[in-house]
Amino acid sequence: MTPAPAKKTLFVTATGTELGKTYVTCGLIRAFRELGRDVQALKPVISGFSPEQPDNSDTGQILRALEQPLTPDTIDAISPWRFAAPLSPDMAAEEESRRIDFDTLVDFCRARQQQAEDILIIEGVGGLMVPLDDRHTVLDWILALDAEILLVAGTYLGSLSHILTALSVLNHHQRPVGRLILSESAENSVGLARTAATVTKISQLKSIVSLERFSTPDCFSGLARSLIHPA
Ligand SMILES: Nc1ncnc2c1ncn2[C@@H]1O[C@H](COP(=O)(O)OP(=O)(O)O)[C@@H](O)[C@H]1O
Ligand SMILES: [Mg+2]
């Protein structure tokens, strides 16, 4: 009998916003499914969410990758904290006189980790240290969970400092990244190879994955395999 696969949670965070977290989350969902794995995914906190147009939201994209229908129930199941304003979560919540209860957010993720039978992917929100409330950032959320960290970054001019800062903060908390995923920037790109080489030189990080723009499903398949069977 084949042994049950080891349960795994991947937390997809980034050095900033709009760099490719959802792109990577959806690419990995499709790749794991292609490999015959059971994959669940969450986007627990989403700002800039319009209930009238959920299709292209992160939640909509993730449900499509999971081949699940887009209904109020499926949206609620993967994204309980939804806010209209396209602001950081703390500010977006405040605009609606609401707040994200950090402990409830962590408990929600832990419960879903317990329920998941194989792979659970959690897409964070914004960048690594975007505030969730007056006291907690995404970093605190990650530190509270037992998950492998995937840090998504760009290759734009300026990204090196953002990458090295994020790596340094995570190392400081003894939570090194599982993978740094460089998603090639559309504008002002200094290139994947040069960005990866410089990060390796300065941080000694070896687990860097480079995604060209509009990477083929093969790239995600390779990444998915390496996450299940680390070398
Ligand atoms: N490697 C890439 N190739 C092509 N488009 C990309 C790539 N990475 C990100 N994008 C695009 O950039 C935009 C922002 O990416 P997204 O995944 O939504 O970022 P985030 O979830 O971090 O805010 C989206 O339109 C996405 O499709
Ligand atoms: Mg996103």
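In listed order, ligands and their atoms are each counted from 1. Positions are given from 1 along the sequence.
Not a single N, O or S atom of Glu18, from either the backbone or the side chain, sits less than 2.8 Å from the Mg ion (ligand 2). Metal site remark for the Mg ion (ligand 2): Thr22 contributes an N, O or S atom at a distance under 2.8 Å.
Summary of contacts: the protein heavy atom closest to atom 19 (O) of ligand 1 is Gly20 N, 3.0 Å. When hydrogens are left out, the protein atom nearest atom 3 (N) of ligand 1 is Phe214 N, 2.8 Å; that is the closest non-hydrogen contact.
The shortest N or O to N or O distance between Lys21 and ligand 1 is below 3.5 Å. Polar contact with ligand 1: present for Tyr23 (N/O pair, distance under 3.5 Å). Checked against a 3.5 angstrom limit, the closest N/O atoms of Gly16 and ligand 1 fall outside it.
Comparing Ser183, Gly126, Cys26, Gly154 against atom 1 (N) of ligand 1, the shortest heavy-atom distance belongs to Ser183. Selection from Lys43, Arg213, Glu18 by nearest heavy atom to atom 23 (O) of ligand 1 gives Glu18.
Ligand 1 lies nowhere less than 4.0 angstrom from a heavy atom belonging to Gln61.
The structure places OG1 of Thr74 at 11.5 Å from CD1 of Ile62, a figure rounded to the nearest 0.5 Å.
Counting only distance, with no hydrogens or angles, the side chain of Arg64 and the backbone of Asn56 share no donor-acceptor pair below 3.5 Å. Judged by distance alone, the side chain of Arg110 and the main-chain N or O of Asp146 form no donor-acceptor pair under 3.5 Å.
Protein heavy atoms are found inside the 4.0 Å sphere centred on atom 16 (P) of ligand 1.
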